[in-house]
Undergrad: 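Next up is a structure, given as structure tokens.
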Amino acid sequence: VLFILNGLERLNLDFRLAGTELCCDPNEPVPPSAIVVNLLRKYLLPEASIIVTTRPSAVRRIPGKYVGRYAEICGFSDTNLQKLYFQMRLSQPGCSGEDSAGGSSGEQENLVEMLSRNLERHNQIAAACFLPSYCWLVCTTLHFLYFTRTVPPSQTLTGIYTSFLRLNFSGEVLDSTDPTNISMMKYVAKTVGKLAYEGVMSRKTCFSEDDLQQCFEVEMKTESELNLLEVFRSDVFRFFLTPCVQPGKEHTFVFTIPAMQEYLAALYVVLGEKKTLAQRVGKELSEVIGKVSEDVAVVLSIISKVLPLRFLPVLFNLLKIFPRYFSRLTGKDRDTIAHTMAEELFKEEDYYNDDVLDQINFSILGVEGPMRHPDEAPDDEVFELFPIFMGGILSRRNRAILEQLGCSIKNLAAFEIAKAMKKTVIRNSRKGLPPSELMDYLFFLHEFQNERFTAEAIRSLRTVNLSSVKMTPLKCSVLASVMGTTCHEVEELNLTSCNLDTSSLRILFPVLLRCKALHLQLNSLGSDACKEIRDLLLHDKCVVSNLRLANNPMGVQGAQYLAEALAGNRSLTHLSLLHTALGDQGAEVIAQHLAKNQHLQELNLGYNSLTDTAALHVVEVAKKHATLDKVHLYFNDISEDGKRTLHNLRMDRDGVRALVFLTAGTDVSDYWSNILNVVQKNLPFWDRERVRQHLALILQDLESSRRQTSNPWRKAKFLRVENEVKKMLGELQHGT
């Protein structure tokens with residue numbers, strides 16, 4: 001028989017004969033502690049084998065004569081074991097969600113490969129993954145980042161870290177022999193949390209021995225407190241803090257997982273451990289006077305019945321004044337917590353960093369391509385997760401888990417913090433945040449898990465600009481979930497250059513329906529994505545009026561889907577298909593369905609390799625259209641004859657204007673700035689040689705028209721436009 005006794009530190013065993021009598025009969029009824037002691041003495045069931053697990057501080061509670069062998073479980077000493085763990089954990093079937101078909105297995109293999117490479121070159125993360133539970137945290141975080149596709153997401157980042165702490169510290173008391181019986185997590189929040197918070201406030205991640213003493217020992221006065229500190233240092237310290245491996249910082253400590261610093265700092269603040277001296281003294285006095293007042297109140301109530309003394313009610317009320325006054329102080333403390341959260345969430349110095357989800361991804365998988373040494377500290381430490389964790393800790397589910405860990409956050413406290421934070425957060429969100437910071441704000445609202453608060457915050461967001469944010473499935477789910485708390489119309493949603501694909505559009509479908517202006521340029525959206533866009537435009541609740549799909553490889557099949565959408569849509573007024581590889585065939589398909597549309601006002605088919613036939617056919621259909629009055633056709637393969645035909649179009653006569661070139665006879669076109677602005681914005685993404693040829697032809701046309709006019713005002717206008725074109729040509733030649 002093998003007995004496994006897990007967690008010896010929870011038992012107060014007495015090996016003295018006077019304390020625990022000998023017992024060799026398994027049938028004899030004795031207390032559980034007596035059974036364990038006699039098993040370890042080998043007096044009861046001597047032939048049995050026994051394995052005892054314990055924290056280091058409790059090892060000596062069993063006399064050495066009863067122990068045959070000591071073994072310390074350290075972790076993965078071999079990095080190959082780490083890699084094997086990651087490979088098994090990340091390759092589990094179904095870990096990539098419901099859509100895990102062909103592509104997901106390749107993505108899983110890619111994740112394992114990137115993680116392995118980062119472990120080989122990044123000593124600090126390899127040191128963290130020495131502990132198997134941190135390997136669990138890394139894998140769970142990667143699952144969250146890469147395989148979340150449900151709306152709303154099934155979990156939160158704060159929830160992962162809170163569950164990780166429950167996994168390691170659930171039911172753990174720091175020292176079972178100490179009368180305070182303080183939970184291990186509560187002690188960590190008070191001590192390591194203080195260190196973490198001061199590091200966040202001073203923007204540092206490396207801590208010297210002096211820093212540790214300042215946070216851990218400065219308030220230690222009694223022998224009991226010093227004993228608790230000793231137990232903490234032997235049992236828990238190395239779990240959260242590890243020696244730094246950066247060159248020149250060998251004698252300092254860093255948090256084993258960087259994000260844990262921000263989590264513990266957030267926990268320290270939300271638990272109200274960040275107090276001034278007056279608040280600490282006030283709390284202690286309040287508790288003492290509160291207890292005394294309760295006892296005295298009972299006595300006074302009895303005396304008042306016997307002796308009718310008038311001053312007794314006055315004395316009774318005086319005793320209650322101080323606790324009431326302190327409750328006001330604690331209310332101000334919650335205002336401070338709310339202010340700290342809002343202030344950290346909208347720090348302008350962090351406005352142009354990557355969003356927090358990308359930061360976490362880079363910290364685990366590293367950054368591909370040339371970079372500084374991975375263990376070299378960045379110029380500026382970034383702590384943008386800190387306020388997000390503060391919001392996440394206040395969510396109902398995380399508060400319930402922390403309650404199990406001995407860190408109690410009352411419902412009323414969470415409500416008051418949210419109430420105090422509301423005005424500041426909503427006011428700051430209206431300022432127009434940069435895209436990455438706006439993504440952080442949306443992620444904060446997701447982590448907060450307060451639907452009413454989120455609805456009020458989102459209702460004030462009429463314009464959502466997330467351009468150039470890499471919209472992973474998780475970020476799309478967060479955006480859809482947060483925006484889904486209300487049903488108001490969004491004036492503009494900018495998702496330019498966001499790495500969107502068909503599945504992204506599917507996740508965001510309910511949000512896209514409510515957007516009046518929708519920017520989807522530069523997303524490599526092909527024909528499959530156009531099918532989703534067709535379904536969007538044909539939906540009876542669609543309000544999209546301005547749709548920009550420039551610089552997406554849609555092709556002829558994509559044009560077919562969009563043409564079907566145009567025929568049945570009733571909301572769209574502006575459609576940009578600039579540089580979408582339509583060709584003549586795609587333009588013809590759109591022209592065929594255009595007649596069935598009754599609302600379109602502007603259509604951009606520029607830079608699509610259209611020839612005279614297709615361009616003139618589109619314009620002929622546009623002439624008969626009830627509302628379409630502007631068609632963009634610049635940078636197409638239209639001949640001089642075709643250009644002259646298009647140039648002769650008159651708005652009053654033909655009902656449509658074609659934007660093909662910058663000149664209008666011997667004058668500059670009214671739309672020259674529109675055309676050049678479009679070209680300027682798209683220079684980095686278009687074929688440089690082809691653009692250069694078109695600009696050279698435009699320049700020749702401008703110079704020829706300038707020579708034909710004698711009007712000095714017109715000549716000046718021509719020169720101004722020529723200078724703009726020459727400037728663009730210069731940028732192309734120099735590759736800027």
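Please read all numbers here as calculations on a predicted model, not as lab measurements. Along the sequence shown, residues are numbered consecutively beginning with 1.
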Undergrad: ring-ring contact (aromatic ring centres under 6.0 Å, His included) with Phe240: which of Phe253, Phe255, Phe169?
TA: Phe169
Undergrad: Search all heavy atoms of Leu442 against all heavy atoms of Val482 and return the closest pair with its distance.
TA: O-CG2, 3.4 Å
Undergrad: Between the side chains of Asp14 and Thr20, does any donor sit under 3.5 Å from an acceptor?
TA: no
Undergrad: Are any of the side-chain heavy atoms of Ser163 and Arg397 separated by less than 4.5 Å?
TA: yes
Undergrad: As an exercise, state the distance from CZ of Phe86 to SG of Cys139, rounded to the nearest 0.5 Å.
TA: 5.0 Å
Undergrad: If I take atom CZ from residue Phe3 and atom CG from residue Leu44, how far apart are they, to the nearest 0.5 angstrom?
TA: 7.5 Å
Undergrad: With a 3.5 Å cut-off and no angle check, do the side chains of Asp211 and Ser208 form a donor-acceptor pair?
TA: yes
Undergrad: Begin from the C-alpha positions of Arg89 and Thr140 and carry the test side chain to side chain donor-acceptor pair (under 3.5 Å) through to its verdict.
TA: CA-CA 9 Å; Arg89 184 88 161 75; Thr140 307; 3.1 Å; yes
Undergrad: Can you check whether Val192 reaches Val236 side chain to side chain, under 4.5 Å on heavy atoms?
TA: no
Undergrad: Parallel, tilted or perpendicular, judged at 30° and 60°: which one describes the rings of Phe453 and Phe448?
TA: perpendicular
Undergrad: Could you check whether any side-chain heavy atom of Glu384 comes within less than 4.5 Å of a side-chain heavy atom of Ile388, counting everything from C-beta outward?
TA: no
Undergrad: Donor-acceptor check, side chain of Glu21 to backbone of Ala18, threshold 3.5 angstrom: yes or no?
TA: no
Undergrad: Going by heavy atoms in the side chains, are His143 and Ile160 under 4.5 Å from each other?
TA: no
Undergrad: Establish, from distance only, whether the side-chain atoms of Tyr263 and Thr162 form a donor-acceptor pair under 3.5 Å.
TA: yes
Undergrad: With a 4.5 Å limit on heavy-atom distance, are the side chains of Ile409 and Leu402 in contact?
TA: yes
Undergrad: Can you say whether the rings of Phe164 and Trp136 are parallel (under 30°), tilted (30 to 60°) or perpendicular (over 60°)?
TA: parallel
Undergrad: Rounded to the nearest 0.5 Å, what separation is found between the OG atom of Ser176 and the CG atom of Leu11?
TA: 7.5 Å
Undergrad: Determine the minimum heavy-atom distance between Ser477 and Val151, stating which atoms define it.
TA: CA-CG2, 4.0 Å
Undergrad: Using every non-hydrogen atom in the two residues, find where Met390 and Val270 come nearest and quote the distance to one decimal.
TA: O-CG2, 3.9 Å
Undergrad: For Pro132 versus Gly75, what's the shortest heavy-atom pair and its separation?
TA: CD-CA, 3.8 Å
